[in-house]
Amino acid sequence: MSDRKQERPGAREPACMLCRRAEADPDMCGDKLQKGGLCAHVFCMFFTTLLFQQETDRGGLMGFLPRDLLIAVWRAAQKCCCVCGQSGATIMCCMENCDRWFHLPCSKEGGCGNLYVTPFGSFCPEHRPEQEVEATPEPDTVCPICMEPVEDRKTFTTLVCPTCKRAWFHRDCIQGQALRAGAFYFQCPLCRDRGEFLVEMFILGIRVPFRQPAWEDNDAFADLGVRHGQCNARDCLYPGGREEAEEQGLQG
């Protein structure tokens, strides 16, 4: 049975029980699942502190059991988000002795870091991983993805390739590229490095899905592999004529 449930036309959109948002950035929070009166974003569940996925999804969402989800909601009601100041924060900074909590949708606005890989750790703005590479962009440097100017230094929203140190890009731009390319084709827009670049982006909180690139969906480029099998010249010069040439597959 699907975890998703269609709403009746005109019905109010249900909110995620963990972040309390009916609408949130799907690139950050993932799909919103509904089942048995439960409703939560995929990554709100994975990042929620002390909420663990079980081997079965019977009666829950993707292995997160109803009782565990309700306990997480109860715990969050006592925690205030360090970004928006509202209660209901489900994610605690992973740094030892740090007691900052936040909502997943607030993390981008507040400059928090989320690692989209097991064990799905999160960090507050003060403790989030930062790039160690020593580099400064040249004047008038633009992002190679959107071709708009970048900031004049490394920040949460402006990143640099750790390999070539020449490719500077906006976080949103490289995040979009990561979602389209997937882990198998994600690389630096300039130097095409994959190894060091992929690891760095993971650490910086870029979500890179483990799947084939989006451009492979629905055989989008299947026509490129089809050989042209018809002579389109007004006067076919093949000695045997147009029909015989087509039968022998000589047109290319």
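- Under the 3.5 Å distance criterion, with hydrogens and angles disregarded, no donor-acceptor pair is assigned to the side chains of Gln78 and Ser87.
- Among pairs with a residue in residues 18-43, those fulfilling ring pair (Phe, Tyr, Trp, His ring centres under 6.0 Å) read Phe43-Tyr116, at least two apart in sequence or across chains.
- Ring orientation note: the planes of Phe197 and Phe186 are tilted relative to one another, at an angle of 30° to 60°.
- Partners of Asp172 according to the salt bridge (Lys or Arg N to Asp or Glu O under 4.0 Å) rule, which considers only residues two or more places apart in sequence or in another chain, are Lys108.
- Using a 4.5 Å heavy-atom cutoff, the side chains of Leu38 and Met17 are in contact.
- Separating the CG atom in Leu198 from the SG atom in Cys188 is a distance of 12.5 Å, to the nearest 0.5 Å.
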| message | Pair Met45, Leu18 - check side chain to side chain contact (heavy atoms under 4.5 Å, CB included), show working. | response | CA-CA 7 Å; Met45 293 188 290; Leu18 297 174; 3.7 Å; yes
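- Between Ala135 and Lys165, the shortest heavy-atom distance links the atoms CB-CB, 4.2 Å.
- Placement of Ile91 and Leu61 within a single hydrophobic cluster is found when ILVMFWY residues are connected by side-chain heavy-atom separations under 4.5 Å, directly or transitively.
- Remark: side-chain polar atoms of Thr155 are paired, donor with acceptor, to backbone N or O of Thr158 under 3.5 angstrom.
- The shortest non-hydrogen separation linking Pro209 to Ala178 is CD-O, 3.6 Å.
- Under the 3.5 Å distance criterion, the side-chain polar atoms of Lys154 are matched with a main-chain donor or acceptor of Gln131.
- Rounding to the nearest 0.5 angstrom, the gap separating the SG atom in Cys44 from the CZ atom in Phe64 is 11.0 Å.
- Contact between Ala89 and Trp101 at its shortest, heavy atoms only, is O-CE3, 3.5 Å.
- In this structure, Phe102 is a member of the same hydrophobic cluster as Met28, with clusters built from ILVMFWY side-chain heavy atoms closer than 4.5 Å.
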| task | With side chain to side chain contact (heavy atoms under 4.5 Å, CB included) as the test, would you mind laying out the steps for Glu196 and Asp193 before giving the verdict? | result | CA-CA 7 Å; Glu196 185 179 1; Asp193 176 72; 3.7 Å; yes
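- Counting all heavy atoms, side chain and backbone alike, Ile174 lies closest to Leu159 at CG2-CD1, 4.2 Å.
- In this structure, Arg171 is positioned above the aromatic face of Phe156, its NZ or CZ under 6.0 Å from the six-membered ring centre and within 45° of the axis.
- Take Cys94 and apply the side-chain contact (heavy atoms from CB on, under 4.5 Å) test, not counting sequence neighbours, and it matches Phe123.
- Of the possible donor and acceptor atoms, one in the side chain of Arg128 sits under 3.5 Å from a partner among the backbone N and O of Gly111.
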| said: Before you tell me yes or no, could you show the steps for Cys161 and Arg166 under side chain to side chain contact (heavy atoms under 4.5 Å, CB included), namely the whole-Å CA-CA distance, both residues' side-chain angles and the distance that decides it to 0.1 Å? | reply: CA-CA 7 Å; Cys161 173; Arg166 294 185 298 108; over 6 Å; no
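- Cys16 has its side chain out of reach of Cys29: every pair of non-hydrogen atoms, C-beta onward, lies at least 4.5 Å apart.
- For the atom pair CZ (Arg21) and NE2 (His103), the distance works out to 5.5 Å, reported to the nearest 0.5 Å.
- With a 4.5 Å cut-off on side-chain heavy atoms, Leu33 and Val42 count as touching.
- In this structure, Met62 CE and Asp31 CG are separated by 9.0 Å, a value rounded to the nearest 0.5 Å.
- One finds the CZ atom of Phe47 at 10.5 Å from the OG1 atom of Thr90 (value rounded to the nearest 0.5 Å).
- Side-chain contact between Phe169 and Pro189 is present, with at least one heavy-atom pair separated by less than 4.5 Å.
- For Ile203 against Leu115, the heavy-atom pair with the smallest separation is O-CD1, 3.7 Å.
- To the nearest 0.5 Å, atoms CZ (Arg194) and OG1 (Thr163) are separated by 12.0 Å.
- Within 6.0 Å of the CD atom in Glu151, the count of heavy atoms belonging to other residues, nucleotides or ligands exceeds 12.
- The closest side-chain heavy-atom distance from Ile71 to Leu50 is not below 4.5 Å.
- Gln86 contributes no side-chain N or O that, together with a main-chain N or O of Cys81, makes up a donor-acceptor pair within less than 3.5 Å.
- The backbone N or O of Arg207 sits less than 3.5 Å from a side-chain atom of Gln175, completing a donor-acceptor pair.
- A donor-acceptor pair under 3.5 Å is formed between the side chain of Thr49 and the backbone N or O of Met92.
- Lys32 is listed as a side-chain neighbour of Glu13, based on a closest heavy-atom distance under 4.5 Å.
- Using a 4.5 Å heavy-atom cutoff, the side chains of Leu69 and Leu51 are in contact.
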| message | For a side chain to side chain contact (heavy atoms under 4.5 Å, CB included) check, start with the C-alpha distance between Glu200 and Ile206, then their side-chain angles and the critical distance, and finish with the verdict. | response | CA-CA 9 Å; Glu200 181 91 344; Ile206 299 300; over 6 Å; no
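- Residues Trp168 and Val133 share a single hydrophobic cluster, defined by chaining ILVMFWY side chains whose heavy atoms lie under 4.5 Å apart.
- Within 6.0 Å of CZ in Phe120 there are more than 12 heavy atoms belonging to other residues, nucleotides or ligands.
- Residues Leu179 and Phe202 are members of separate hydrophobic clusters, defined by side-chain heavy-atom contacts under 4.5 angstrom among Ile, Leu, Val, Met, Phe, Trp and Tyr.
- The nearest pair of heavy atoms linking Val208 to Gly182 is CG1-C, 3.9 Å.
- Taking the six-membered ring for Trp and the full ring otherwise, the centers of Phe210 and Phe184 sit at least 6.0 Å from each other.
- No side-chain heavy atom of Leu104 sits less than 4.5 Å from a side-chain heavy atom of Ser122.
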